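Structure first, then comments.
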Amino acid sequence: MASPQQLTDRSGSNRMAAQPEKKKPLQFLDLKAQFASIREDVLKAVEGVFESQHFILGKEVQLLEQEIASFVGVPEAVGCASGSDALYLSLLALHIGRDDEVITTPFTFVATAGAIARTGAKPVFVDIDPVTYNIDASQIEGAITGKTRAIIPVHLFGLAADLDPILTIANRHNVAVVEDAAQAIGATYGGRQVGSLGLCGCFSFFPSKNLGCAGDGGLITTTDAKIADELRLLRAHGSRKKYQYEILGTNSRLDALHAAILRVKLPHLQGWAEKRSEHAELYKTLFAAAGLTNIFVLPSTPEGRTHVYNQFVIRVPRREELRAFLDSEGIPTDVYYPAPLHVQPAFSYLGYEHGSFPEAEKASKEVLALPVYPELSRQDQERVVNTISDFYSSNPA
Ligand SMILES: *Cc1c(COP(=O)(O)O)cnc(C)c1O
């Protein structure tokens, strides 16, 4: 409601001058800016698919599969309908199902454990390493039973999980490693691309991933030609020849339109990842200069790995207050993930409780993702850091 003073203050000019102008809100991710930079090529690729009227699999999907296989450094890649299906189909190709167990992290997107459960197998969670947010390799062996068939490490936020010890444990117990690389295309571990170290690597082309298509899409990389062959059957109704069904499959194909768009974007991926990584370094420098590094924890990259920063995630005290303040200042943030999977109703049947995985639970209360997309400007980043700094200096603990 207007105060009497406002009603008499006709010009309002003094009041306006006294109040700082509200700045334009930042974006959390600016896909319009990305599109503007590749518009002609994307539209040409889309036009090509329309001219061909070949929408299902075909040449574009085949070429994309070859290009990604060579990018990741594996002989085989199989496109499919989503990252979720990439995980699901990989497990099916390994003949994992009822009575089997698959080990993964509770601090991930729902699809990782969902894919395990969809096969009929039981997801078995192992807590995370609080520094990398990835599965704690040192706790995996304790979770292995006679029923364990696979381990799914998730390369969360764009940083590879600690694959060496995971592969050693997997070999010792004769179980497969299926990498959930949905957030990490282009990240490396010991000089090798993620998706090339396990038996299968699962990728997502959801628009917000580092390599996003124009809807849902996914892909599986594998070093094993027989698995690749089975994946190609599984994604297309178990059929190699029209109306002949060798195995029970499903409809989980990557569309030609998506493949054509992804082929335009793939050559830019490395450059975009470098931008993300530069922004991460600048955040670290600015936060240190603002004296904030003793208040909260910045992401860190262990020796021998490269981080592609699908998300730039910090751990902060009083997260909800900070988030609300940033929001009121036009700075969008996000939380990946506000609750670990073992406390979600969908997984209550597994019998875990609050307290089962303390590090995952602690992280879910403290993590905060800041904008880190390639087109973000230095001024934007300075504004983010200054606003966070304002919050902590005007709200001392
Ligand atoms: C995005 C994501 C998936 C699922 O990918 P969709 O393409 O959205 O189905 C799986 N795992 C992780 C870690 C993800 O971030």
Side-chain angles (χ1 to χ4, degrees), residues 28-29 31 64 68 77-92 102-119 123 125-126 128 132-135 150-161 163 166 177-187 194-195 198 200-221 231 234-235 250-255 257-259 261-262 265 273 276 307-313 334-342 344 346-347 360 363-364 367 369 372-373:
F28 188 71
L29 173 66
L31 288 174
L64 178 77
I68 296 210
V78 180
C80 64
S82 67
S84 305
D85 272 7
L87 291 158
Y88 176 59
L89 298 178
S90 295
L91 297 175
L92 291 185
V102 177
I103 293 173
T104 194
T105 160
F107 195 57
T108 177
F109 183 58
V110 63
T112 317
I116 300 168
R118 277 203 284 158
T119 69
F125 293 125
V126 165
I128 57 166
T132 63
Y133 305 110
N134 286 324
I135 193 166
I151 304 167
I152 307 186
V154 179
H155 308 314
L156 203 69
F157 306 144
L159 175 69
L163 287 167
I166 294 172
V177 171
V178 173
E179 297 174 64
D180 182 340
Q183 299 182 8
I185 188 164
V194 296
C200 295
C202 300
F203 295 90
S204 164
F205 304 128
F206 185 80
S208 68
K209 303 296 159 87
N210 282 16
L211 182 65
C213 66
D216 280 306
L219 178 137
I220 306 124
T221 50
L231 287 167
L234 284 166
R235 75 172 171 189
T250 183
N251 178 356
S252 181
R253 296 172 295 225
L254 180 65
D255 292 331
L257 273 170
H258 293 312
I261 294 166
L262 289 164
K265 288 189 169 194
R276 287 174 178 272
H307 200 320
V308 291
Y309 292 102
N310 181 239
Q311 301 296 346
F312 183 88
V313 171
D334 218 326
V335 171
Y336 306 104
Y337 295 93
L341 296 182
H342 67 281
Q344 296 282 358
F347 295 105
S364 70
V367 289
V372 73
Y373 60 89

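What's counted below: heavy atoms across the whole structure, side chains too, no hydrogens, waters or symmetry copies. Counting starts at 1 for both ligands and their atoms, in listed order. Computed from a predicted model, the values in this text were never measured in an experiment.
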Which value, rounded to the nearest 0.5 Å, describes the distance between [X] atom [atom1] and [Y] atom [atom2]?
X: C80; Y: F203; atom1: SG; atom2: CZ; result: 11.5 Å
X: S90; Y: D85; atom1: OG; atom2: CG; result: 10.0 Å
X: T112; Y: D180; atom1: OG1; atom2: CG; result: 4.0 Å
X: F107; Y: N134; atom1: CZ; atom2: CG; result: 10.0 Å

Between ligand 1 and the protein, tabulate every N or O atom pair separated by less than 3.5 Å, reporting distance only.
{"residue": "ligand 1", "atom": "5 (O)", "partner": "S204", "partner atom": "OG", "Å": "3.3"}
{"residue": "ligand 1", "atom": "7 (O)", "partner": "G83", "partner atom": "N", "Å": "2.8"}
{"residue": "ligand 1", "atom": "7 (O)", "partner": "S204", "partner atom": "OG", "Å": "2.6"}
{"residue": "ligand 1", "atom": "9 (O)", "partner": "G83", "partner atom": "N", "Å": "3.4"}
{"residue": "ligand 1", "atom": "9 (O)", "partner": "S84", "partner atom": "N", "Å": "2.8"}
{"residue": "ligand 1", "atom": "9 (O)", "partner": "S84", "partner atom": "OG", "Å": "2.5"}
{"residue": "ligand 1", "atom": "11 (N)", "partner": "D180", "partner atom": "OD1", "Å": "3.3"}
{"residue": "ligand 1", "atom": "11 (N)", "partner": "D180", "partner atom": "OD2", "Å": "2.8"}
{"residue": "ligand 1", "atom": "15 (O)", "partner": "Q183", "partner atom": "NE2", "Å": "2.8"}
{"residue": "ligand 1", "atom": "15 (O)", "partner": "K209", "partner atom": "NZ", "Å": "3.0"}

remark   = F125 and H342 have their tightest heavy-atom pair at CD1-CB, 3.8 Å
ask   = Side chain of K265, backbone of G212: donor and acceptor closer than 3.5 Å?
value =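 Between the backbone of G212 and the side chain of K265 there is a qualifying donor-acceptor contact (under 3.5 Å).
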